[in-house]
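Structure first, then comments.
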Amino acid sequence: MRCKYCGKDTEAGRFCSEKCRSDFEAFESRVQRQRNRFFVCFAISIVLPVAIMFVVDADLAALLLMIVFLGLTFMIFPFCTPETAESFSLKTSIRVARGLGAAMVVVGLMLMLFCMDLI
């Protein structure tokens with residue numbers, strides 16, 4: 001059996017140490033406390049660029065802005081699905097979510113610079 005938090009092999013229970021258990025429980029309580037903030041940020045990340053598309057004739061900029069906002073949301077709130085946390089460890093799934101969020105921000109900003117003729 002593997003530790004649910006760090007992924008190390010463990011023979012006794014779901015966690016390899018008390019530290020992993022407390023870190024796992026702290027993350028779960030953080031998810032519960034910040035779940036609504038995540039949904040609000042996610043909705044804003046989609047609704048704001050779509051509103052910009054309708055108000056201003058800048059479809060490409062709004063689409064790239066959506067990518068950047070979603071990336072920032074995933075960096076701030078690295079909440080993965082339970083299936084992802086089961087496949088990897090929770091610690092790894094947090095790193096993956098933050099890494100993908102950072103990649104979205106970098107790609108979105110780079111595309112803004114190149115596609116919007118800002119360079």
Can you give each donor-acceptor pair under 3.5 Å made by side-chain atoms of residues 101-113, sequence neighbours left out, with the distance rounded to 0.1 Å?
none

Q.
Applying a strict under-4.5 Å side-chain criterion to I, L, V, M, F, W and Y, I'd like to know whether F38 and V47 cluster together.
A. no
**Q.** Results of side chain to side chain donor-acceptor pair (under 3.5 Å) for E28 - residues two or more places apart only
**A.** none
**Q.** Straight-line distance of D59 CG to F54 CZ, nearest 0.5 Å
**A.** 9.0 Å
Q) Taking C-beta and beyond as the side chain, do S29 and R33 meet within less than 4.5 Å on heavy atoms? A) yes
Q: Starting at SG of C20, measure out to CZ of F15 and round the result to the nearest 0.5 Å.
A: 8.0 Å
Q: Please round to the nearest 0.5 Å and tell me the distance separating atom CG of L90 and atom SG of C3.
A: 9.5 Å
Q.
On a heavy-atom basis, which atom in M53 and which in L63 lie closest, and how many Å separate them?
A. CE-N, 4.1 Å
(Q) Hydrophobic clustering (ILVMFWY, side-chain heavy atoms < 4.5 Å, transitive) - are V96 and I67 grouped together? (A) no
Q. Can you tell me if CZ on R37 sees more than 12 non-hydrogen neighbours from other groups inside 6.0 Å?
A. no
Q: Taking the side chain as every heavy atom from C-beta outward, state whether R95 and F88 have any pair of such atoms under 4.5 Å apart.
A: no
Q. Side chain to side chain donor-acceptor pair (under 3.5 Å) with E11: which residues, sequence neighbours excluded?
A. none
Q. Which pair of non-hydrogen atoms, one from D9 and one from R2, has the smallest distance, and what is that distance?
A. OD1-CG, 3.8 Å
Q: Quick one: closest heavy-atom pair of G13 and M1, and the distance?
A: O-SD, 3.5 Å
(Q) Suppose the criterion is side-chain hydrogen bond (donor to acceptor under 3.5 Å, both in side chains): which pairs have a residue in residues 96-109, not counting sequence neighbours? (A) none
Q | Shortest non-hydrogen separation from S89 to G7 and the atoms involved | A | CB-N, 3.4 Å
Less than 3.5 Å apart, which donor and acceptor atoms pair up between the side chains of residues 68-81 and the rest of the protein, not counting sequence neighbours?
{"unit_1": "T73", "atom_1": "OG1", "unit_2": "S45", "atom_2": "OG", "d": "3.0"}
{"unit_1": "T73", "atom_1": "OG1", "unit_2": "F69", "atom_2": "O", "d": "2.9"}
{"unit_1": "T81", "atom_1": "OG1", "unit_2": "T84", "atom_2": "N", "d": "3.2"}
{"unit_1": "T81", "atom_1": "OG1", "unit_2": "T84", "atom_2": "OG1", "d": "2.8"}

Q | Those residues that, when tested against K91, pass side chain to side chain donor-acceptor pair (under 3.5 Å) (two or more places apart) | A | none
**Q.** Closest heavy-atom pair and its distance - L60, C115
**A.** CD2-CB, 3.6 Å
Q. Are F24 and I94 in one and the same hydrophobic cluster, where Ile, Leu, Val, Met, Phe, Trp and Tyr link if side-chain heavy atoms are under 4.5 Å apart?
A. yes
